[in-house]
Amino acid sequence: MKKIIPHTSLIGAILTACALVLSPNLFALENDVWISPYGIDGDAVTNVMTSDFVYGAQHGVLYPSNIVGTATYPFRCPDATTLNYVMTSVLTNACMTIHFMAGTFEVPSSGLTPLDGWKLRGAGIDNTILQLIAGTPLNGGTAVVGGNNEKTTAGVEVSDLTIDCNMQNETGVSNNVYAVFVQGSQTRISRVKAINWGAANNNEAYVLVATPAIGSPTATNCVIEDCIVTQPALTNDNTAGVTGIYMTPNLRGGIIRNNFINNIQTGGTGPGFFRGIRGNNNVRDNYLYDLTGPQAAGIFENESGLRDVLIDGNVIDNVSQGISYMPGQPNTNITIKNNVVRPSEGGTGISYDLQNSGAVATNLLIDGNVVSPSYVATNTTALGLAFYDYGYVNIYATVKNNIFQGSGPNGLDILFPAGETPNWDQPTDRFPYPLQLNTWEGNVNFAGTELNEGTDVNWQPGDEDNVVFTATADGWYRLISGCGSGSLPAMGACSGTITVEADMSDTTNITDAEFSFAVNGLAASTNDLGGITLIRNATWQPQVTAARIGADNPADGCVYLDIYVGNSSPMAGIVKDIYIGNASASSRLGKNGYVANAAPSTRFIRVKSKGHFRGRLLNPPVLVPATLDLSIVTDL
């Protein structure tokens with residue numbers, strides 16, 4: 001029986017036979033092509049389907065027909081017109097690798113528009129230069145690679161070249177000039193240097209951009225790596241701003257890594273504002289240096305609905321705003337870890353700012369960062385970490401194992417708005433508290449002291465703060481005073497838990513007592529003083545035997561938290577019998593008895609405070625008079 005070959009098999013057999021008999025160079029146009037920026041004595045070689053003699057052959061170079069575009073016989077495009085012809089009329093297949101040989105290429109004002117799967121390769125940074133043609137008016141802006149009408153869906157790659165946006169030599173620029181703009185999944189921008197970029201007329205430009213395809217809700221597996229963004233166009237138009245590297249938030253799992261962004265001055269002849277990297281994907285191991293001026297930020301984001309963001313291992317040095325987030329809508333799973341941030345004079349290391357009513361940040365982790373002033377920031381205030389929020393918004397964060405160091409004598413290590421942090425009588429319409437630090441531990445400054453928030457009336461976060469002192473005599477020692485009106489910390493309120501320890505030997509601390517407290521400044525009556533709840537009594541030789549909340553002068557609006565040290569009666573001089581519970585003073589203060597203690601002058605006492613606004617406990621306790629007009633006393 002005669003064998004019948006199916007139609008598809010027949011086609012495959014024909015193609016295989018053709019491949020065997022024809023020169024491999026014939027297929028250069030199907031896969032890899034090479035383009036040179038130099039003509040032959042100024043002539044271009046673009047026609048691939050004429051005779052054996054094509055342009056340039058009369059000058060001594062013979063181009064065989066049908067194999068132009070190889071490394072030996074490259075397309076020759078010494079001007080923007082010939083390059084545009086080759087890129088739009090000759091190279092029409094998807095999934096090609098296009099090699100731009102060493103030299104400078106003139107790029108038409110419409111830019112170069114890749115097709116799906118195109119891989120644009122240069123001969124190395126500063127060896128291959130794609131320069132936008134000068135003097136041509138632009139309508140709405142363009143990208144040197146990406147054009148202004150790209151419709152790709154996947155697979156575009158650009159690598160190993162320099163892109164000169166040449167904006168300072170453009171006329172009629174109505175928008176901006178990008179370097180690379182790629183759309184779709186599986187895109188990659190690698191080892192690209194971008195210079196002379198910019199924006200105009202109140203617009204914002206993006207130098208290196210990856211985004212989903214037009215009409216697609218998302219894209220995946222996009223990378224921008226090992227690139228350099230520097231040397232903005234000096235246009236004297238600082239009405240607009242620029243972002244160096246940008247992946248849109250709806251691009252999932254993108255990676256921005258190992259890039260170098262440097263030497264960019266905002267204001268003056270530079271951009272009005274500059275953001276090194278928009279941080280809404282994975283941003284790792286980048287170096288941002290000398291981004292200065294009034295509105296310069298290293299890693300910045302203000303998009304809505306951020307999720308699954310990692311900012312890890314970046315070095316941001318001499319930058320006005322190091323890592324700055326200003327998201328307006330709910331965002332979750334934002335991790336900022338292992339970064340080194342050195343803000344410039346008056347700058348901020350890490351800030352998180354929720355500005356819109358109803359915005360929520362959940363699972364925010366700030367871990368293992370080192371934030372300290374740049375070497376030039378010696379005389380003005382620099383912030384290590386700042387949280388801000390406005391309206392009914394909430395931040396749920398874990399902050400641990402960081403170094404936060406401000407600059408100068410007045411530089412703040414941390415800043416939290418007093419009205420947004422928790423306090424003991426937070427109004428019900430503000431619950432949960434706007435700022436919820438789920439964990440705060442291991443955070444220090446270089447001096448090893450309590451983090452400086454600027455004033456002791458503001459909240460100091462942390463697991464606990466310690467004050468160690470030695471009593472000079474029996475008596476009442478003041479730990480905290482709340483002076484002012486209202487319940488906010490700046491108005492006198494504070495609360496928390498106090499643990500009192502007194503050493504009983506050279507190596508051992510014994511807990512005297514533990515109690516929770518609330519102090520409300522400017523008490524209107526005895527019911528407004530606050531309260532003490534005893535959590536744990538001393539069990540053996542207590543040195544601290546009582547605690548009280550009271551006011552010695554109701555007119556000044558100050559309410560105090562005191563502890564009593566010694567073995568004499570702490571009730572001496574109290575004129576008002578206001579105690580916790582209904583028991584008499586003698587029965588309450590005597591139920592455990594007063595055990596003779598060692599001399600107070602020979603034993604130190606450690607007071608540990610935990611809880612909201614415990615930062616009032618900043619100085620060693622001081623001996624105060626025994627008499628109070630109003631008091632709540634509990635025995636310990």
Side-chain angles (χ1 to χ4, degrees), residues 141 143 165 167 175-181 189 194-200 202-211 224 227-233 235 237-249 251 254-257 259-268 270-284 286-304 306 309-311 314-328 331 334 336 339 341-344 346-355 374 386 388:
C165 297
M167 184 176 177
N175 196 337
N176 46 54
V177 183
Y178 299 5
V180 180
F181 188 101
I189 305 172
I195 61 175
N196 294 325
W197 35 264
N202 296 299
N203 293 294
E204 182 175 2
Y206 304 90
V207 182
L208 304 176
V209 184
T211 183
I224 300 177
C227 295
I228 301 171
V229 177
T230 188
Q231 190 179 322
T235 61
D237 182 354
N238 57 22
T239 65
V242 179
T243 291
I245 297 177
Y246 180 41
M247 287 184 176
T248 56
L251 192 155
I255 298 176
I256 300 172
R257 64 189 175 201
N259 299 286
F260 181 41
I261 302 176
N262 80 305
N263 193 25
I264 297 161
Q265 173 75 39
T266 60
F273 65 83
F274 180 79
R275 297 155 179 173
I277 298 174
R278 292 285 290 270
N280 49 43
N281 274 264
N282 297 308
V283 181
R284 307 189 67 175
N286 301 279
Y287 184 28
L288 301 97
Y289 179 67
D290 272 357
L291 313 181
T292 57
Q295 295 193 58
I299 298 174
F300 174 90
E301 193 49 79
N302 62 355
E303 297 276 3
S304 300
L306 301 178
V309 174
L310 174 63
I311 310 298
N314 303 281
V315 176
I316 306 171
D317 193 357
N318 196 30
V319 178
S320 301
Q321 303 294 317
I323 299 175
S324 177
Y325 271 77
M326 304 173 66
N331 51 92
I334 313 297
I336 301 172
N339 301 283
V341 184
R342 303 187 185 105
S344 58
T348 299
I350 299 174
S351 65
Y352 209 90
D353 185 349
L354 290 179
Q355 298 195 42
S374 171
Y388 306 94

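Just so you know, these numbers come straight off a predicted model, no measurement behind them.
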Which heavy atom in Pro343 sits nearest to a heavy atom in Gly347, and how many Å separate them? CB-C, 3.8 Å
I'd like to know if the side chain of Ser320 reaches the main chain of Gly293, judged simply by a donor and an acceptor atom lying under 3.5 Å from each other, with no hydrogens or angles considered. yes
Quick check, are the ring centers of Trp197 and Phe181 under 6.0 angstrom apart? no
For Asp290, salt bridge (charged side-chain N to carboxylate O under 4.0 Å, His left out) partners two or more places apart: none
Which atom of Thr348 lies closest to which atom of Ala386, heavy atoms considered: CG2-CB, 4.2 Å
Please name all residues satisfying salt bridge (charged side-chain N to carboxylate O under 4.0 Å, His left out) with Arg278, sequence neighbours left out, ordered by chain then number. Glu204, Glu301, Glu303
Between Pro232 and Ile264 the two heavy atoms that sit nearest each other are CD-CG1, 4.1 Å
Expected output: side-chain Asn282 to main-chain Ile255 donor-acceptor under 3.5 Å: no
Taking atom types as modelled, find out whether Asn262 and Thr230 have a side-chain donor-acceptor pair closer than 3.5 angstrom. yes
Do Ile316 and Tyr287 have side chains that get closer than 4.5 Å, going by heavy atoms? no
Smallest heavy-atom separation, Val283 atom then Gly279 atom, equals CG2-CA, 4.0 Å
Partner residues of Tyr246 under the ring pair (Phe, Tyr, Trp, His ring centres under 6.0 Å) criterion, sequence neighbours left out: Tyr206
In the structure I gave you, are the side-chain heavy atoms of Leu251 and Pro249 within less than 4.5 Å of one another anywhere? no
Side-chain donor or acceptor of Asn176 paired with backbone N/O of Ala200 under 3.5 Å: no
Is a side-chain donor or acceptor of Asn339 paired with a backbone partner of Asn314 at a separation under 3.5 angstrom? yes
So Asn259 and Val229, side-chain contact (heavy atoms from CB on, under 4.5 Å) or not? Walk me through it. CA-CA 8 Å; Asn259 299 286; Val229 177; over 6 Å; no
Is it true that a side-chain atom of Asn318 and a backbone atom of Tyr289 form a donor plus acceptor pair closer than 3.5 Å? no
Side chains of Thr292 and Gln265: is there a donor and an acceptor less than 3.5 Å apart? yes
Answer yes if the side chains of Gln231 and Asn196 hold a donor-acceptor pair under 3.5 Å, and no otherwise. yes
Minimum heavy-atom separation for Leu208 to Ala194, with atom names? CD2-CB, 4.4 Å
Hey, what do you get for CD1 (Ile299) to CG (Asn280), rounding to the nearest 0.5 Å? 11.0 Å
Nearest atoms (heavy-atom pairs only) where Gly272 meets Gln295: O-CB, 3.8 Å
